[in-house]
Amino acid sequence: MSRIEFQNVGFAYNADSASETRALKNVSFSVEEGEFVALVGHNGSGKSTVAKLMNALLLPTEGRVLVDGADTSDRTKVFGIRNTVGVVFQNPDNQMVATIIEDDIAFGPENIGLKPQEIRERVDFALRAVGMSEHKKGTPFRLSGGQKQRIAIAGVLAIKPKVLVLDESTAMLDPVGRDEVMAVIERLNREEKMTVVMITHFMEEAIKADRMIVMSDGGVLMEGGKEIFERADEIKRAGLDLPVAGFIAEKLRKDGFDLPAAITDEEELTDALCQLKSKN
């Protein structure tokens, strides 16, 4: 079953005015229940607009966006859609509403009418998930940018949405913090069967997804699994970098090494080099 479906979606900011800016054109894709999808693209490719369309923060100017079959343009369905799709944005300050961290995380569960005991359990779960339990009595405004982002993620996790959308939400974290958050996201997808849409410019994160959707200039350029890295020239023309291991493999291929076309991580590169050496 498709959790999210984009049907020939177009979107323009300041539509029907002299300053109209088209952000999306004829975008079609679906995200299946339990799937982990990475949405990648250069700045201005339309990724963040897609995130806002997924839970009806924006409505398409053309086409339809469906969430569990409900059309986001149907205002009677918006509450259910926003309970289904939780979005974490890049700037955590935009999602902070309380002066105490645990109160901030409790805000969402309180607003969907959960009982106090369940709210307490969800707040504790969310804080543990992002490694911030020791800060629950503190204020978010004294945290580092990366810590604030973890709290923003926890605030969405506490609602336990069916779909978790992360719009560059690891961008402000250091490598250790990104690894910790990615581990949480992968565990939620694997163990809780939560559908995940990760918008990221870190290709090392994108390759952990079941499927990647590459956007360019407001449209879908390509989608698929790791095999899309066989189209390295197109990826680079779209303003994206290859994963580090893929970049090294590409350089080695140009130097005459007979390596597979879709290497994406260090283990694959090491195995390919060892096999190559064993042949010589």
task: Examine distances only and state if a side-chain atom of K47 and a backbone atom of G41 form a donor-acceptor pair shorter than 3.5 Å.
output: yes
message: Side chains of V196 and L166, heavy atoms from C-beta outward: is any pair under 4.5 Å?
response: yes
field: Interatomic distance, I248 atom CD1 to R253 atom CZ [nearest 0.5 angstrom]
entry: 11.5 Å
task: Identify the heavy atoms of P60 and R64 that sit nearest to each other, and give their distance.
output: CG-CA, 4.4 Å
- prompt: Going from NZ on K236 to CG on L240, what distance comes out if it is rounded to the nearest 0.5 angstrom?
  reply: 12.0 Å
- request: Using a strict 4.0 Å threshold on nitrogen-to-oxygen distance, state whether K160 and E192 make a salt bridge.
  value: no
Pairs satisfying ring pair (Phe, Tyr, Trp, His ring centres under 6.0 Å), at least one member in residues 194-252, at least two apart: none
query: Once you round to the nearest 0.5 Å, how far does CD1 of I185 lie from CZ of R178?
result: 12.0 Å
query: Please, which pairs that meet side-chain hydrogen bond (donor to acceptor under 3.5 Å, both in side chains) have at least one residue in residues 74-85, sequence neighbours excluded?
result: D74-T76
query: Under 6.0 Å from the CG atom of N94, do we count more than 12 heavy atoms belonging to anything else shown?
result: yes
field: Worked check of side-chain contact (heavy atoms from CB on, under 4.5 Å) between D71 and V65
entry: CA-CA 6 Å; D71 193 322; V65 178; 5.9 Å; no
- line: Here the ring pair (Phe, Tyr, Trp, His ring centres under 6.0 Å) pairs for residues 120-172, sequence neighbours left out, are none
query: Do you know which two heavy atoms are closest between L164 and L188, and how far apart they sit?
result: CD2-CD1, 4.4 Å
message: Filter on side-chain hydrogen bond (donor to acceptor under 3.5 Å, both in side chains), then keep only pairs touching residues 204-213, sequence neighbours left out; what's left?
response: E35-R211, T170-E205, T200-E205, R211-E223
statement: For V40 and A206 the tightest heavy-atom approach is CG1-CB, 3.8 Å
- prompt: Ion pair present between D68 and R3, side-chain N to carboxylate O less than 4.0 angstrom?
  reply: yes
- prompt: Side chain of T195, backbone of E33: donor and acceptor closer than 3.5 Å?
  reply: no
query: What residues form a side chain to side chain donor-acceptor pair (under 3.5 Å) with D93, not counting sequence neighbours?
result: K148
message: For F107, I'd like to know if atom CZ has over 12 heavy atoms of other residues, nucleotides or ligands within 6.0 Å.
response: no
message: Considering only residues two or more places apart or on different chains, which pairs with a residue in residues 100-113 satisfy salt bridge (charged side-chain N to carboxylate O under 4.0 Å, His left out)?
response: E102-R120, E102-K137
query: Under 3.5 Å, is there a donor-acceptor pair between the S28 and Q7 side chains?
result: no
Spatial distance of atom CD1 (I207) from atom NZ (K226) [nearest 0.5 Å]: 5.5 Å
- request: Write down the atom of I153, the atom of S169, and the distance for their closest heavy-atom approach.
  value: CD1-O, 4.2 Å
task: Mark yes when over 12 heavy atoms from residues, nucleotides or ligands other than E267 sit less than 6.0 Å from its CD; otherwise mark no.
output: no
